[in-house]
2 protein chains.
Amino acid sequence: MRKGEATRARIVDEAARLAAQRGLTAVSLADVAEAVGLSKSGLFKHFDSKEAMQVAVVENVMERFTAHTWTPAADLPTARERLEKVFECWLDWEDMVWSESGCPIIAFSVELDDQPGPVRDLLQHSLKRWRRTLVNQFVDLREPPLTETEAQAAYFQMKSFAMGYMDARRMMGDTDARRSATSAFVSLLERTAKAAA
Amino acid sequence: MRKGEATRARIVDEAARLAAQRGLTAVSLADVAEAVGLSKSGLFKHFDSKEAMQVAVVENVMERFTAHTWTPAADLPTARERLEKVFECWLDWEDMVWSESGCPIIAFSVELDDQPGPVRDLLQHSLKRWRRTLVNQFVDLREPPLTETEAQAAYFQMKSFAMGYMDARRMMGDTDARRSATSAFVSLLERTAKAAA
DNA sequence: GGCGTAAGCGACCGGTCGTGCTCTTTTCTA
DNA sequence: TAGAAAAGAGCACGACCGGTCGCTTACGCC
């Protein structure tokens, strides 16, 4: 049973890579099979349907995302340091881990935001958990703590900058994008931490 | 030749509507033909290929975008008023004009950012013209004028908020998204206009 | 070390894809 | 109003789609 698990993991990895480039529905089972060196029918020993494979891809991507951005930050002493580390890793995630395809989370979000179904539900649920984690960090950014509304507004900007960074770098070819994103985020932290309750 | 032009316009409109929902490549010619009440082969009297239709869709969407966001703002007296108006119309564009599908420009950007070809080239070119227009407004926001770099950084944040707004409202179901986006943008204008040279 | 089962292959299914080709109908114009 | 040109229908094509079935192979456990 060990061999099967390894193969399944390879399938999910390749499917995620292809889906990040072309979209979740646009990648065909034949594409994945060829990329992983399997026959199309062999895939069905690991997934009952294409949709089941998409679910596994979203799970895989979200796990890798939190591992890449939250794990290095979780143990830092202050909320400010944690937020700075998360944002830095977030930008790295977008242009180092996924340099050839763009961030799959953003791609999946845009693709699925009007396509109801289990894949969208899973993505939405994972993203809400992520937002909860980050909003909590913003709450702790200041003493007295930020209100929930204030923290959500700050998270809105943080995520906006992460999305804007990908667009600027990939679509617009903006070589200054990283500087713009970083300084925008630092300025956000500055203001948010300073603002009076 | 008049009738043909009207039909062609209907085709492009329907194709844009469907492409905003499902993506440019995911929408099939059969879908478009049915939506517009034509046969699949009838489409080829107006477009030589699917790609040619996609080009027309991107042209159409970008024209409507600038008409919707820039035209109402162009004649306002100050850069600040123009920018505020553009941003307000931008949010309206996303959740009123395209309430059932999400903004096609963002969708196309994410879909095409790693798919070279004439469709991507056209989109990129149009978006760069749009950025130029907005960056010029930011330059004029303050006396002494902003540097090109400062203005581009401000535009980066503006576009980020517009993208974040769509994600927050559509994917995350954030009912406060409009308030978050608007206050973030107003705060950006405030800071940018005030900052010393 | 034999054996059950998981892993994987190849052929094939009905359906849809984009795109030609031919033929008819409609529309514009001289 | 006649006739050319445009608009559009119908059909067929090869390729590819997600998915099924039966077969063989190879692994993992007793």
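Letters A, B, ... mirror the listed sequences (proteins, then strands); counts begin at 1. Quick caveat: nothing in here was measured; it's all calculated off a predicted structure.
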Please state how far atom [atom1] in [X] lies from atom [atom2] in [N], giving the value in whole angstrom units.
X	N	atom1	atom2	value
F47(A)	dT20(D)	CZ	C1'	18 Å
L29(B)	dC13(D)	CG	P	20 Å
R8(A)	dA6(C)	CZ	C1'	15 Å
F44(B)	dC23(C)	CZ	C1'	18 Å
L38(B)	dC11(D)	CG	P	16 Å
D48(A)	dC21(D)	CG	P	13 Å
K40(A)	dA11(C)	NZ	P	13 Å
L43(A)	dT20(D)	CG	C1'	14 Å

query = 5'-most contact on DNA chain C: K45(B) or K50(B), nearest heavy atom basis?
reply =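 By nearest-heavy-atom nucleotide position, the 5'-most residue is K50(B).
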
Hey, does the side chain of [X] come within less than 4.0 Å of [N]'s phosphate (OP1/OP2), counting only N and O?
X	N	answer
H46(A)	dA6(C)	no
S39(B)	dG8(D)	no
S49(A)	dG18(D)	no

ask   = side chain to side chain donor-acceptor pair (under 3.5 Å) with R179(B): which of D176(B), T175(B), T182(B)?
value =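 Only match with R179(B) under side chain to side chain donor-acceptor pair (under 3.5 Å): D176(B).
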
query = How would you label the contact of V36(A) with the nucleic acid (heavy atoms, under 4.0 Å): base, sugar-phosphate, or nothing?
reply =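 Nothing: the residue V36(A), judged by heavy atoms under 4.0 Å, touches no strand.
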
task = Run the numbers on L127(A) and I105(A) for side-chain contact (heavy atoms from CB on, under 4.5 Å), then give the verdict.
result = CA-CA 9 Å; L127(A) 287 174; I105(A) 299 176; 3.8 Å; yes

task = Using a cut-off of 6.0 Å, state whether more than 12 heavy atoms not belonging to R191(B) lie near its atom CZ.
result =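 More than 12 within 6.0 Å, yes.
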
task = For a ring pair (Phe, Tyr, Trp, His ring centres under 6.0 Å) with F185(A), tell me which candidate from Y155(A), F161(A), W90(A), F87(A) qualifies.
result =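 Passing option: F87(A).
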
ask   = Between R178(B) and E88(B), does a side-chain contact (heavy atoms from CB on, under 4.5 Å) hold up when you go through it step by step?
value = CA-CA 10 Å; R178(B) 180 118 192 174; E88(B) 185 193 338; 3.9 Å; yes

message = Between the base of dG10(C) and the side chain of S41(A), is there a donor and acceptor pair under 3.5 angstrom?
response =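 Looking at the base of dG10(C), it does pair with a donor or acceptor on the side chain of S41(A) (distance under 3.5 Å).
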
